[in-house]
Amino acid sequence: MATPRQLASVRRIALDDGPERGTRALVFSTGGGLDFWVLSDRSLDIGPLWLGGMPVAWQHPAGFMAPGLHDADAFGGTGLSAALSGFLVTCGFDNIRRARGGLPMHGTLPLTPARLIAAGEEWDTGVLYVEGEVTKARLNGACLTLTRRVEAPVGGRTLRLIDRVRNIGPEPAPLYALYHLNFGYPALGPGLSLKVNGEEHTPTVETGPAECLEIAADGRSITVVNRPAFDDWPAFRAEIEADADSLGYLQLWSDLRARRNILSVEPCNCARNADGTSAAAPVLAPGEVWDAQLTIRFD
């Protein structure tokens, strides 16, 4: 064998057509049937994701729009809905959920380009990884820096997200965080089962208000089991483990109508008000950090 990268690798690409033109990504291939893209121009979020060749992540009809085309304030502050695409969209840090107080839906973090620190293969530990930094700062407002590491074991079907947010400003700042994990067609088919800490939650066919659940500190597993729309692919299982100390709430949203087909599992760090806005979030003192981890295992 000339190189172990024949088995597993991280490669950098740039998209070059339509509204996606210029979007940069890192292509992860674990060699164990899990393949996904980390979008360096979209806060190091996860774009397409395949399990054994089957597409799992929901994708917006317009694809992965380049950040320069994104207008968060469009459509009354709900502009993210025109660019929400991929397996993971990280929302915050100034707002999550409905637009409020001049802040757009899900805040200003989504689609922010990251500064890459390192990426590649660690053969001694058998891990593929990328590390980067995203800064959102205003002179008269919150100044927060996200340091993120995405890693996946060689030969495996697991990905892990390790985040640290630091208040780099001179004043205390609230921190709103929501991790939008999106499952889509054709992975979503008949027989969808969703369990939170072992309790069944059946997504509705029609879109409705998001359901907000508090995750118990002693059990925070979320399991999605489904038989895909096509018989050529076997049923799959995804187990999501959220850090309950930092992400003590869970929001579920779905729209399973034909030609939409999306299930969103959304660990977050604050409660949801009755009007769809967010309740009070944790406040970081100057120099203080907030850590969170997400682990997703597929089989």
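The analysis underlying the following values was restricted to heavy atoms, covering all of them including side chains, and did not include hydrogens, waters or symmetry mates.
- Side-chain contact, R148 with T90: a donor N or O sits under 3.5 Å from an acceptor N or O.
- When hydrophobic side chains of Ile, Leu, Val, Met, Phe, Trp and Tyr are connected at separations under 4.5 Å, Y176 ends up clustered with I96, L178.
- Atom CZ of R164 is surrounded by 12 or fewer heavy atoms from other residues, nucleotides or ligands within 6.0 Å.
- Using cut-offs of 30° and 60° for the angle between ring planes, the F36 and F28 rings count as parallel.
- For the pair L252 and H201, the minimum side-chain heavy-atom distance is below 4.5 Å.
- By the 30° and 60° cut-offs, the orientation of the rings of H106 relative to H180 is perpendicular.
- I262 places a side-chain heavy atom less than 4.5 Å from the side chain of W253.
- A side-chain donor-acceptor contact under 3.5 Å links S193 and E200.
- Looking only at distances, no side-chain donor or acceptor of N273 sits under 3.5 Å from a matching main-chain atom of D275.
- Remark: the backbone N or O of E20 is not paired with any side-chain donor or acceptor of D17 at under 3.5 angstrom.
- Formation of a donor-acceptor pair under 3.5 Å by the D163 side chain with backbone atoms of A292 is not found in this model.
- No donor-acceptor pair under 3.5 Å is formed between the side chain of N182 and the backbone N or O of A57.
- Side chain of N167 to backbone of L284: a donor-acceptor contact under 3.5 angstrom is found.
- The main-chain N or O of L175 is found under 3.5 Å from a side-chain atom of N269 such that the two form a donor-acceptor pair.
- A donor-acceptor contact shorter than 3.5 Å is absent between the side chain of R237 and the backbone of T223.
- Side-chain contact check for T295 and R160: at least one donor-acceptor pair (N or O, by modelled atom type) lies under 3.5 Å.
- Residue pairs meeting the salt bridge (Lys or Arg N to Asp or Glu O under 4.0 Å) criterion with at least one partner in residues 107-122, sequence neighbours excluded, are R5-E121, R115-E133, E122-R149.
- Inspection of the D45 and S43 side chains reveals no N or O donor paired with an N or O acceptor under 3.5 Å.
- When hydrophobic residues (I, L, V, M, F, W, Y) are linked wherever their side-chain heavy atoms come within less than 4.5 Å, I162 remains an isolated member.
- A 4.5 Å side-chain heavy-atom check between W58 and S264 finds every atom pair outside the cut-off.
- Here the side chain of K136 pairs no donor or acceptor atom with the backbone of F93 at under 3.5 angstrom.
- Put simply, the side chain of R42 gets close to the backbone of M65: a donor and an acceptor are under 3.5 Å apart.
- When side chains are defined from C-beta on, M105 does not count as touching P110, because their heavy atoms never get closer than 4.5 Å.
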